[in-house]
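Just so it is clear, the structure is predicted and the values come from calculations on it, not from any experiment. Throughout, a chain's letter reflects where its sequence line sits, starting with A, and its residues are numbered from 1.
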2 protein chains.
Amino acid sequence: MVSIKDIAKQAGVSISTVSYALNGSNKVTDETRSKILAIAKELNYVPNAAARTLKKRESKILGVFLTDFSGDVYGDLLSGMKSVCNAQGYDLIVCSGKQSHRMLPERMIDGAVILDHTFASKELLQYADRGHKIVVLDRELDHPNINQVLLDNKAGATLAMEHLIEQGHTKIYVVTGPEGSFDSAQRLKAVRQVSEREANVEWIEITGDFEKSGGERAAERIIQEYSQPVGVFCLNDEMAIGMCDRLAESELNIGRDIDIIGFDNIELSKYVQPRLVTIDYSKRKWGALAAEQLIKIIAGDPVDHERIYVTLVEGGSVNSQVQSDYHGHTQSEKAVSY
Amino acid sequence: MVSIKDIAKQAGVSISTVSYALNGSNKVTDETRSKILAIAKELNYVPNAAARTLKKRESKILGVFLTDFSGDVYGDLLSGMKSVCNAQGYDLIVCSGKQSHRMLPERMIDGAVILDHTFASKELLQYADRGHKIVVLDRELDHPNINQVLLDNKAGATLAMEHLIEQGHTKIYVVTGPEGSFDSAQRLKAVRQVSEREANVEWIEITGDFEKSGGERAAERIIQEYSQPVGVFCLNDEMAIGMCDRLAESELNIGRDIDIIGFDNIELSKYVQPRLVTIDYSKRKWGALAAEQLIKIIAGDPVDHERIYVTLVEGGSVNSQVQSDYHGHTQSEKAVSY
DNA sequence: TTGTAGGCGTTATCAA
DNA sequence: TTGATAACGCCTACAA
């Protein structure tokens, strides 16, 4: 491995001169600089990241932690983060699984974005206490070294519920996410609030898991209990699609016997038949904002918590018109922002 | 930041003793070890990765480089890689974009898996020359420090073409990937070979881009030229789905006027109407094998290039039966492995 | 403008 | 069984 020492020897200068030249310091003659640069290139010199990181106490790398690599949500989110990172001189790496948590405390990365509810809040707070900078996307956490960029779950869930209620539904199933999911809990809370305002609406909670299988299981229960047109709010699209899959094998017709609405507007939801009504938000912006916030707190700039706004996307999966002209609205309205 | 030096001071021993104790060496009394461990825990000691990497000249981190973060192919691939990595004491990070190439030459990672055709082969060879270990998933590269784990593109493309020909198609459009894509080139080569054997089959190449938009553009051309039932082999599912989307707006009926087959068996292909015929392979296994190979060459074990086998998945998107009993086959056969 | 030297936190080689 | 000490490759006062 060729180091600045080798370059120094070859150029007949000291290693500090080489270091200065390489780092573009102006404490060095143009002449020596170009000579050193030429030799560096000739020798195929590449700086050693570990040494630099050790000395400078920063790696210029940011990490994002995901529960798994598969989610459809992640693509845009990550590319949003990446573009901000790169523009600010940072590199982005994507990590998953408990093993890689060490990257943060061991100072391999300068900061982390968390979208992984299996990452314990207690652990995060511990890291924050030690001075590590963190942005959380999936929980509320109060600490000077932690910033939040959260979805406006309340608005989204409210939009969804009201959309179903506007169709005249008085019986609404709500399929939740897994135990411990912040998003699920928040959305559920909004569901509760809405239904408290609407005396004639009965809602039934079904425990799900944010995966297709959860939607399928929920579908089976609904099929069994079916007696009248119902609305279903799946707290994410994945489950909504699992439900549609299962329902397609039954005699119930989506958009007639049963109205379904999801959350996330993943790509698939546009392909399912009929098009899934869902709650949309800019995943790219979410990621970009998270990266911005992280870089700011690393720089020591003060930041406030941020919120990502949502809209309702209409489609054929809600179409029942159980009771027309309820509240004077009709399903034909365009997407509305909350 | 608390270092072994602090622990040493607190424990009244030297830093080397601390290092030994922390690394589980048996050159240290159980008594002193437990004392040191206790103090380390009490002080919240965390080793510094940069220092360790600098000294040991290895990071125990492997990197995988992707063109972008969005592809549907990646989820299973990455989780396959991760499980192998973790089992072998490595961590996995996912990178994208030119900026992050530096991770390899700067020795931040111990090796790389490449699935990014924008990563120049010349650059990879350069790194390999310097001793870096690499596994390529998207090209052929001959170098002692580089191993290949490639899809059996030839088998897949052959299966696809023969499936269309068995329907009686004598006119087949082939929609390619972007310039420079190895997979596209290989699949195209197989197409050429098949059609050389089949004198009465005419095939037309349309340049695509492996994205939905390319499939849409191809669809438009096919609609314009349409005069008789045709077969279309899109060299990946993404384009096939773009084509289906566009065709849905036209008068041509998929599976009757036009037969479509893709490649990759992405999740979406099961949701498109009718179900897309495609070429399937285990993405998880692909990733797992790539990781295994990489770890082996890092360890200095000799390895051969590997191949991932493919199968044909049937569906409604090929159903025309242009000319029945061609070759004595019918479309109702089950998926066959090549 | 360039050189000397100390140190970042570890590991590892010798002595003791 | 433990302790000094020298690296690993780089940066950066401070000196020359």
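Ranking C:dT10, D:dC10, D:dG9 by closeness to the A:Met1 side chain, first place goes to D:dG9. Relative to the side chain of B:Lys55, the nucleotides D:dG9, D:dC11, C:dA12 differ in distance, and C:dA12 lies closest.
Close to C:dG3, at under 4.0 Å from its OP1 or OP2, lies a side-chain N or O of A:Thr17. The side chain of A:Lys27 contributes no N or O atom lying less than 4.0 Å from OP1 or OP2 of D:dT12. Proximity of B:Arg57 to the phosphate of D:dG9: a side-chain N or O atom is located under 4.0 Å from OP1 or OP2. Of the side-chain N and O atoms in B:Ser19, one or more sit less than 4.0 angstrom from OP1 or OP2 of C:dT11. A sub-4.0 Å separation between OP1 or OP2 of D:dC11 and a side-chain N or O of A:Asn23 is present. Taking 4.0 angstrom as the limit, A:Ser16 places none of its side-chain polar atoms (N or O) nearer than this to OP1 or OP2 of C:dG3. For A:Ser3, no side-chain nitrogen or oxygen approaches OP1 or OP2 of D:dG9 to under 4.0 Å.
Contact annotation for B:Thr32: backbone-only contact, meaning every heavy-atom pair under 4.0 Å involves sugar-phosphate atoms and none involves a base. As judged by a 4.0 angstrom heavy-atom cut-off over every strand, B:Val46 is placed among residues touching the sugar-phosphate backbone only. Residue contacts shown for B:Thr29 are limited to sugar-phosphate atoms, with no base heavy atom under 4.0 Å away.
Between A:Lys82 and B:Asp68, none of the side-chain N atoms (NZ, or NE/NH1/NH2) sits under 4.0 Å from a carboxylate O, so this pair counts as no salt bridge.
A:Ser59 places no side-chain N or O within donor-acceptor distance of the main-chain N or O of A:Thr53, the cut-off being under 3.5 Å. With hydrogens and angles disregarded, a donor-acceptor distance shorter than 3.5 Å links the side chain of A:Gln293 to the backbone of A:Asp304. Here the side chain of B:Ser34 pairs a donor or acceptor atom with the backbone of B:Glu31 at under 3.5 angstrom.
The nearest whole Å value for the distance from the CG atom in A:Leu54 to the P atom in C:dT11 is 12 Å. Rounding to whole angstrom units, CD1 of residue A:Ile15 and P of C:dA5 are separated by 11 Å. Taking atom CD on A:Glu58 and atom P on D:dC11, their separation rounds to 11 Å, with Å as the unit. Between the CG atom of A:Leu43 and the P atom of D:dG9 there is a distance of 14 Å, rounded to whole Å. For B:Ile36 and C:dT10, the CD1 to P distance is 14 Å, given to the nearest whole Å. Computed from coordinates, the B:Tyr20 OH to C:dT11 P distance equals 11 Å when rounded to whole Å. Computed from coordinates, the A:Asn48 CG to C:dG9 P distance equals 16 Å when rounded to whole Å. At whole-Å resolution of the value, CZ in A:Arg52 and C1' in D:dG9 are 11 Å apart.
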Could you walk me through whether A:Tyr74 and A:Leu115 pass the side chain to side chain contact (heavy atoms under 4.5 Å, CB included) test, one step at a time?
CA-CA 10 Å; A:Tyr74 300 150; A:Leu115 184 51; 3.9 Å; yes

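Residues B:Asn26 and B:Lys56 both approach DNA chain D. Their nearest nucleotides, taken by heavy-atom distance, put B:Asn26 toward the 5′ side.
Under the 3.5 Å distance criterion, with hydrogens and angles disregarded, a donor-acceptor pair is assigned to the side chains of A:Asp129 and A:His143.
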